[in-house]
Amino acid sequence: MSVNPRHKKIWAVVMSIPRGSVSTYGDVARFAGYLRCARMVGSALRTAPKELKVPWHRVINSQGKISFPSAGEQARIQKRLLEDEGIVFLSGTVNLKNYAWQGDLDSNLWRM
DNA sequence: GCACTGACTCCCA
DNA sequence: ATGGGAGCCAGTG
């Protein structure tokens with residue numbers, strides 16, 4: 001059974017998101033080299049094998065919110081996991097200004 | 001193999 | 001601020 005190389009790439013990008021940071025579907029797609037393929041990221045995460053331990057919870061939508069029905073269990077779990085990493089939710093929203101992952105470029109610089 | 005859906009996003013009225 | 005439509009492509013029936 002062959003796994004789409006695109007999905008592999010996406011998993012790799014997501015796995016490189018450091019603990020305590022988050023990224024958006026659109027950004028992950030862009031970092032992976034698939035501009036405008038946000039939906040593919042969701043698809044890739046959905047089919048990601050657990051063995052890889054992909055930190056899917058660090059991926060949220062461009063509005064800084066969780067892309068699951070707020071009443072759902074998934075949303076609750078994701079929020080919990082993020083808060084465990086020190087991410088703060090303000091009225092159900094994450095401040096991307098503070099937590100958005102900046103990509104490969106030296107995160108130590110801007111983090112000063 | 002076609003048609004529809006979806007863990008999305010951008011753009012414009 | 002808000003809603004509709006297009007773009008992307010993999011999974012599912």
Side-chain angles (χ1 to χ4, degrees):
Chain A
M1 52 175 285
S2 54
V3 176
N4 280 331
R6 290 191 172 106
H7 281 196
K8 284 191 187 175
K9 179 81 179 191
I10 289 173
W11 296 335
V13 171
V14 174
M15 286 188 281
S16 66
I17 299 174
R19 187 185 149 74
S21 291
V22 299
S23 193
T24 66
Y25 295 91
D27 283 344
V28 170
R30 188 169 350 119
F31 292 143
Y34 309 119
L35 190 60
R36 257 168 241 156
C37 290
R39 304 195 84 135
M40 192 170 71
V41 175
S43 197
L45 290 180
R46 187 170 66 82
T47 64
K50 290 176 183 171
E51 304 84 71
L52 287 183
K53 290 169 185 163
V54 178
W56 58 271
H57 57 277
R58 295 186 194 144
V59 183
I60 57 183
N61 64 33
S62 64
Q63 300 170 52
K65 296 188 206 162
I66 289 176
S67 288
F68 279 114
S70 53
E73 193 163 344
Q74 290 287 357
R76 190 171 53 70
I77 293 173
Q78 183 167 15
K79 184 165 183 285
R80 170 65 185 282
L81 288 171
L82 289 176
E83 291 180 326
D84 280 350
E85 298 191 349
I87 289 172
V88 178
F89 282 76
L90 292 175
S91 52
T93 302
V94 172
N95 187 324
L96 290 174
K97 285 276 195 176
N98 300 332
Y99 303 110
W101 180 44
Q102 305 298 308
D104 290 301
L105 24 115
D106 313 280
S107 41
N108 342 12
L109 284 180
W110 64 270
R111 195 186 284 278
M112 88 174 264

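Model, not experiment: these values are computed from the prediction. Order of the sequence lines fixes the chain letters, A, B, ..., with proteins taken first and strands second; residue numbering starts at 1 for each chain. Every heavy atom of this structure was used, including side-chain atoms; hydrogens, water molecules and symmetry mates were not.
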Q. Does a side-chain heavy-atom distance below 4.5 Å link A/Q78 with A/L82?
A.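 A side-chain contact under 4.5 Å exists here.
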Q | Check: A/V28 and A/I10 side chains under 4.5 Å, non-hydrogen atoms | A | yes
Q: Can you tell me, in whole Å, how much space there is between the P of B/dC4 and that of C/dG5?
A: 16 Å
Q: Please state the P separation for the pair B/dG1 and C/dC8 - nearest whole angstrom.
A: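 These two P atoms come out 22 Å apart once rounded.
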Q: Would you check if the side chain of A/N4 reaches a backbone N or O of A/R6 as a donor-acceptor pair within less than 3.5 Å?
A: no
Q | Closest heavy-atom pair and its distance - A/T47, A/W11 | A | O-CZ2, 3.9 Å
Q.
Does the protein touch nucleotides 5-13 of chain B at the base, only the backbone, or not at all? Give it as B, S and - per nucleotide, heavy atoms under 4.0 Å.
A. -BBBSS---
Q) What residues form a side chain to side chain donor-acceptor pair (under 3.5 Å) with A/K79, not counting sequence neighbours? A) A/E83
